[in-house]
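Each remark here refers to the structure printed beneath this line.
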Amino acid sequence: MATPAPELSRWLLRVALLAAPLAALLLQLPIPISLKPRSTDTAAAAAMDAAASEIEFDMPGVLRMYKDGRVERFDGTQTVPPSPSGDPANGVVSKDVVLDPAAGISARLYLPPGVEPGKKLPVVLFFHGGAFLVHTAASPLYHRYAASLAAAVPAVVVSADYRLAPEQPVPAAYDDAFAALRAVVAACRPDGAEPWLAAHGDASRVVLAGDSAGANMAHNAAIRLRKEGIEGYGDKVSGVVLLHPYFWGKDPVGGESTDAGYRGSFHGTWEFVSAGKLGLDHPCVNPLASPEEWRQLGAGRVLVTTAEHCWFVERARAYAEGIKKCGWDGEVELHETDGEGHVFFLPKPDCDNAVKELAVVTDFVRRC
């Protein structure tokens with residue numbers, strides 16, 4: 001029997017009233033994963049995956065950055081703890097400190113064994129290398145070197161951390177280096193906040209030091225010190241130690257390679273770490289191009305070390321020669337090791353050449 005028209009209307013109305021809230025609920029739910037995406041969605045997802053895996057910059061074995069901003073580090077990621085009870089090899093005690101909470105400057109401090117109460121020692125503010133990209137003060141290579149230097153001089157060694165590229169491009173590292181210098185000078189005062197530096201740090205014998213990129217930072221910190229000074233301290237440190245310094249430039253110097261591919265790799269690295277904001281002949285990376293800036297180096301003496309097969313050996317030689325001619329009024333020394341490569345003394349600290357290089361650095365710091 002057919003449903004009467006009035007009853008049919010009432011039935012359809014009840015169905016509609018029941019279906020409405022169900023439809024609204026379904027519209028708020030996520031699409032079940034069992035549903036297959038449309039072909040356009042698949043293509044878009046594939047394109048996004050491809051973009052995410054596309055490489056923006058690659059330094060094999062060191063660091064890789066992808067187009068989507070992800071960064072992978074393959075070197076300089078290992079760390080070792082400090083030695084508060086003394087390093088078994090040399091008795092040097094070490095600890096991690098925050099030198100400047102406001103600026104976020106942290107460091108690992110090293111104190112040689114057997115220091116008499118109140119005895120003042122030279123202070124070495126050290127910046128680690130790693131192309132501005134990798135490593136920390138806690139890296140095994142740098143922990144061992146800083147402890148060895150502290151024991152050999154003897155000196156208070158402050159191995160400072162700094163912001164790394166590409167997350168924080170240069171000049172962030174330079175700002176951190178100068179902030180670390182200010183903090184160290186302040187801490188060496190009798191009322192300084194850091195006990196080791198207040199008791200044993202001699203602010204009149206501060207040496208800026210570093211290897212590779214860290215040597216570059218030491219140089220630039222000394223330049224900035226002469227320009228700006230530090231209130232209550234002055235505009236000069238006692239010395240600067242540049243270990244296999246990372247300097248570069250657009251044009252070759254000395255016997256430097258003219259191969260376009262070789263030079264291009266170094267060009268690209270500097271452009272990457274500085275986010276393209278500092279040119280290849282900027283004074284920070286090529287002091288040879290700006291003698292009027294160079295002559296403002298805030299130090300009384302400089303030690304430059306390098307090695308025959310170091311990537312930057314020609315730059316180191318040119319630095320030691322050129323600083324004498326640019327109008328700077330200090331003393332410079334050059335130590336070059338035959339048959340070795342860039343910063344060889346870090347992975348081979350016990351070889352004869354590394355022992356000799358450490359002795360050269362030790363003697364220099366003692367005379368500062």
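This is a predicted model, so every value here is computed, not measured. The chain is numbered in sequence order, starting from 1.
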Does a donor on one side chain sit under 3.5 Å from an acceptor on the other, for E336 and T306? no
Donor-acceptor contact present, side-chain E194 to main-chain L197, <3.5 Å: yes
Donor-acceptor pairs under 3.5 Å, side chain of residues 285-292 to any protein atom, not counting sequence neighbours: which ones?
unit_1 : atom_1 : unit_2 : atom_2 : d
N286   : OD1    : L288   : N      : 3.3
N286   : ND2    : D281   : OD1    : 2.8

Pair W196 + Y110: ring centers closer than 6.0 Å: no
Give the minimum heavy-atom separation between A221 and L208, together with the two atoms involved. CB-CD1, 4.0 Å
Looking only at side-chain N and O atoms, does Q168 offer a donor or acceptor that is under 3.5 Å from a partner on Y162? no
Evaluate the side-chain proximity of R64 to F57: yes if any heavy-atom separation is below 4.5 Å, no if none is. no
Should the heavy atoms of other residues, nucleotides or ligands under 6.0 Å from NZ of K348 be counted, would the total exceed 12? yes
Supply the atom-to-atom distance E228 CD to I223 CD1, rounded to the nearest 0.5 angstrom. 12.0 Å
Quick one: CZ on R73 to OG1 on T77, what's the gap to the nearest 0.5 Å? 10.0 Å
Residues in ring-ring contact (aromatic ring centres under 6.0 Å, His included) contact with F312, at least two apart in sequence or another chain: Y246, F266, H342
Would you check if the side chain of H244 reaches a backbone N or O of V343 as a donor-acceptor pair within less than 3.5 Å? yes
Knowing that exactly one of D87, D161, D96 qualifies, which makes a salt bridge (Lys or Arg N to Asp or Glu O under 4.0 Å) with R108? D96
Taking atom CG of D259 and atom OG of S257, what is their separation to the nearest 0.5 Å? 5.0 Å
Same cluster or not: are V92 and V361 linked, directly or through other Ile, Leu, Val, Met, Phe, Trp or Tyr residues, by side-chain heavy atoms under 4.5 angstrom apart? yes
Nearest heavy-atom approach of A131 to M59 is CB-CE, 4.4 Å
State whether the side chain of E314 and the backbone N or O of G254 hold a donor-acceptor pair below 3.5 Å, judged by distance alone. no
OG of S148 to CG of L358: how many Å apart, nearest 0.5 Å? 6.5 Å
Decide whether L111 and V153 are clustered together by the hydrophobic rule: side chain heavy atoms of Ile, Leu, Val, Met, Phe, Trp, Tyr closer than 4.5 Å, transitively. no
Considering only NZ, NE, NH1 and NH2 on the basic side and carboxylate oxygens on the acidic side, decide whether K324 and D329 come within less than 4.0 Å. no
Got a donor-acceptor contact below 3.5 angstrom from the S238 side chain to the A299 backbone? no
Please find the pair of heavy atoms, one from T258 and one from P252, that lie closest to each other, and give the distance. CG2-CG, 3.9 Å
Side chain to side chain, R182 and Y233, heavy atoms closer than 4.5 Å: no
Go through K119 and D202 one step at a time and tell me if the salt bridge (Lys or Arg N to Asp or Glu O under 4.0 Å) criterion holds. CA-CA 9 Å; K119 180 177 176 59; D202 186 346; over 6 Å; no
Check ion pair E331-R367 (N to O, under 4.0 angstrom): no
Before you tell me yes or no, could you show the steps for Y174 and N216 under side chain to side chain contact (heavy atoms under 4.5 Å, CB included), namely the whole-Å CA-CA distance, both residues' side-chain angles and the distance that decides it to 0.1 Å? CA-CA 9 Å; Y174 297 145; N216 177 298; 2.7 Å; yes
Charged N to carboxylate O below 4.0 Å: is that the case for E321 and R317? no
Could you tell me whether the side chain of K236 reaches within less than 4.5 Å of the side chain of R226, counting heavy atoms only? yes
Heavy-atom pair of closest approach, residues L99 and A107: CD1-CB, 3.8 Å
Donor-acceptor pair, S139 side chain versus L141 backbone, under 3.5 Å? no
Tell me, do V253 and R315 make a side-chain contact under 4.5 Å, heavy atoms counted? yes
Do F126 and Y145 have ring centroids that are under 6.0 Å from one another? yes
Residues E256, R263: salt bridge by 4.0 Å N-O rule: yes
To the nearest 0.5 Å, tell me how far C284 SG sits from L278 CG. 6.0 Å
With heavy-atom distances below 4.5 Å as the criterion, would you say the side chains of L181 and V237 are in contact? yes
Determine, step by step, whether L63 and E72 satisfy the side chain to side chain contact (heavy atoms under 4.5 Å, CB included) criterion, reporting the C-alpha distance in whole Å, the side-chain angles of both residues, the deciding distance to 0.1 Å, and the verdict. CA-CA 6 Å; L63 178 143; E72 291 180 327; over 6 Å; no
Within one Ile-Leu-Val-Met-Phe-Trp-Tyr cluster: V124 and I105, side-chain cutoff 4.5 Å: no
Using the rule given for side chain to side chain contact (heavy atoms under 4.5 Å, CB included), can you reason through D58 versus I55, listing the C-alpha separation, both sets of side-chain angles and the distance that settles it, and then say yes or no? CA-CA 7 Å; D58 188 23; I55 296 174; 3.9 Å; yes
Rounded to the nearest 0.5 Å, what separates atom CG in L280 from atom CH2 in W270? 9.0 Å
Can you name the nearest heavy-atom pair linking A307 to G341, along with the distance? CB-O, 3.6 Å
Using modelled atom types and a 3.5 Å cut-off, is there a donor and acceptor pairing between side-chain atoms of T136 and backbone atoms of A138? yes
Indicate yes or no: at least one non-hydrogen side-chain atom of L133 is less than 4.5 angstrom from one of P166. yes
Indicate the atoms forming the closest heavy-atom contact of Q78 with P140, along with that distance. O-CD, 3.3 Å
Take a 6.0 Å sphere around CH2 of W248 and say whether it holds more than 12 heavy atoms from other residues, nucleotides or ligands. yes
Flag the pair F364 / H335 as yes when their ring centroid distance falls below 6.0 Å, and as no otherwise. no
Taking NZ, NE, NH1 and NH2 as the nitrogens, is one of them in R189 or D191 under 4.0 Å from a carboxylate oxygen of the other? no
Hey, any chance V207 and L225 share a hydrophobic cluster, counting ILVMFWY side chains that come within less than 4.5 Å of each other, even indirectly? no
Consider only side-chain heavy atoms of I, L, V, M, F, W and Y, link residues closer than 4.5 Å, and tell whether V170 and L242 are in one cluster. yes
For S94, is there any backbone N or O sitting under 3.5 Å from a side-chain donor or acceptor partner on S83? no
Inspect the surroundings of CD in E308 and state if more than 12 heavy atoms from other residues, nucleotides or ligands are less than 6.0 Å away. yes
Begin from the C-alpha positions of F178 and I230 and carry the test side chain to side chain contact (heavy atoms under 4.5 Å, CB included) through to its verdict. CA-CA 10 Å; F178 195 67; I230 294 177; 4.1 Å; yes
Side chains of V123 and V184 in contact at under 4.5 Å (non-hydrogen atoms): yes
Are the aromatic ring centres of F344 and H309 under 6.0 angstrom apart? no
Any side-chain heavy atom of F345 sitting closer than 4.5 Å to one from E357? yes
